[in-house]
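Notes follow the structure.
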Amino acid sequence: MTTVNTLAKLKEHGMVLAGHCGHKDCGHARLLKLDVLIDWLGPDYVFVNEKRIAAAFKCEDESHRGGTIRVVADTRPPHMNPYLKAKGG
């Protein structure tokens, strides 16, 4: 079984992170750019139980800072997933 716990492994498996605004009156969320996170934190950054990404998350619609981060599986067929397509999947 493969453990997906780093930013590089997320990218390798065609998964992404979603940031959800932490403000009580806001329900906004957006997908985060893994390449930007990898440039900032490094490919071996363990995102499980992490606090830095969540604390830095900024809601683009309301300008609130802080939130929660969740893993989102890319459910597109392999030929439509850009990460898996690049690997020949």
Side-chain angles (χ1 to χ4, degrees):
M1 179 198 303
T2 301
T3 301
V4 178
N5 62 353
T6 66
L7 296 176
K9 291 251 186 212
L10 272 178
K11 184 174 178 176
E12 178 183 327
H13 289 277
M15 302 169 88
V16 294
L17 293 177
H20 298 264
C21 184
H23 190 273
K24 65 179 179 70
D25 296 325
C26 183
H28 294 116
R30 64 182 163 87
L31 296 180
L32 305 179
K33 296 177 182 176
L34 279 182
D35 290 331
V36 172
L37 292 174
I38 288 171
D39 286 346
W40 175 38
L41 300 165
D44 296 326
Y45 183 75
V46 176
F47 64 86
V48 178
N49 295 323
E50 76 82 39
K51 304 288 186 233
R52 290 172 67 188
I53 299 171
F57 179 77
K58 183 176 179 185
C59 179
E60 292 180 343
D61 296 321
E62 302 291 337
S63 297
H64 301 131
R65 187 159 300 275
T68 58
I69 305 301
R70 294 191 176 101
V71 175
V72 178
D74 190 333
T75 58
R76 293 179 286 185
H79 69 280
M80 295 179 69
N81 182 321
Y83 296 114
L84 296 179
K85 191 174 184 179
K87 290 176 49 179

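Positions are given from 1 along the sequence. Computed from a prediction, not measured in an experiment: that's the story for all the values here. Atom set for the values below is all heavy atoms of this structure, side chains included, hydrogens, waters and symmetry mates excluded.
In this structure, the side chains of Glu50 and Ile69 come closer than 4.5 Å at one or more pairs of heavy atoms. Side-chain atoms of Arg52 and Trp40, non-hydrogen and from C-beta on, do get closer than 4.5 Å to each other. In this structure, Asp35 and Lys11 have side chains that are in contact, with non-hydrogen atoms separated by less than 4.5 Å.
Shown are Thr6, Asp44, Leu7; of these, the side chain to side chain contact (heavy atoms under 4.5 Å, CB included) with Ile38 is made only by Leu7.
Put simply, CD1 on Ile53 and OH on Tyr45 are 5.0 Å apart, with the number rounded to the nearest 0.5 Å. Within the model, atoms CZ of Phe47 and CG of Leu34 stand 9.0 Å from one another, a figure rounded to the nearest 0.5 Å. Here Thr3 contributes atom OG1 and Lys9 contributes atom NZ; the two are 7.5 Å apart, rounded to the nearest 0.5 Å. Summarising the geometry, atom CG belonging to Leu32 is positioned 12.0 Å from atom CZ belonging to Arg70; distances are rounded to the nearest 0.5 Å.
The two residues Ala55 and Arg65 have their closest heavy-atom pair at O-CG, 3.5 Å. Of all heavy-atom pairs between Ala29 and His20, the closest is CB-ND1, 3.2 Å.
Evaluation of the salt bridge (Lys or Arg N to Asp or Glu O under 4.0 Å) rule for Arg30 yields Glu60 as partners, not counting sequence neighbours. A search for ring pair (Phe, Tyr, Trp, His ring centres under 6.0 Å) contacts involving His23 returns His64, not counting sequence neighbours.
One hydrophobic cluster, built from ILVMFWY side chains closer than 4.5 Å, holds both Leu10 and Val48.
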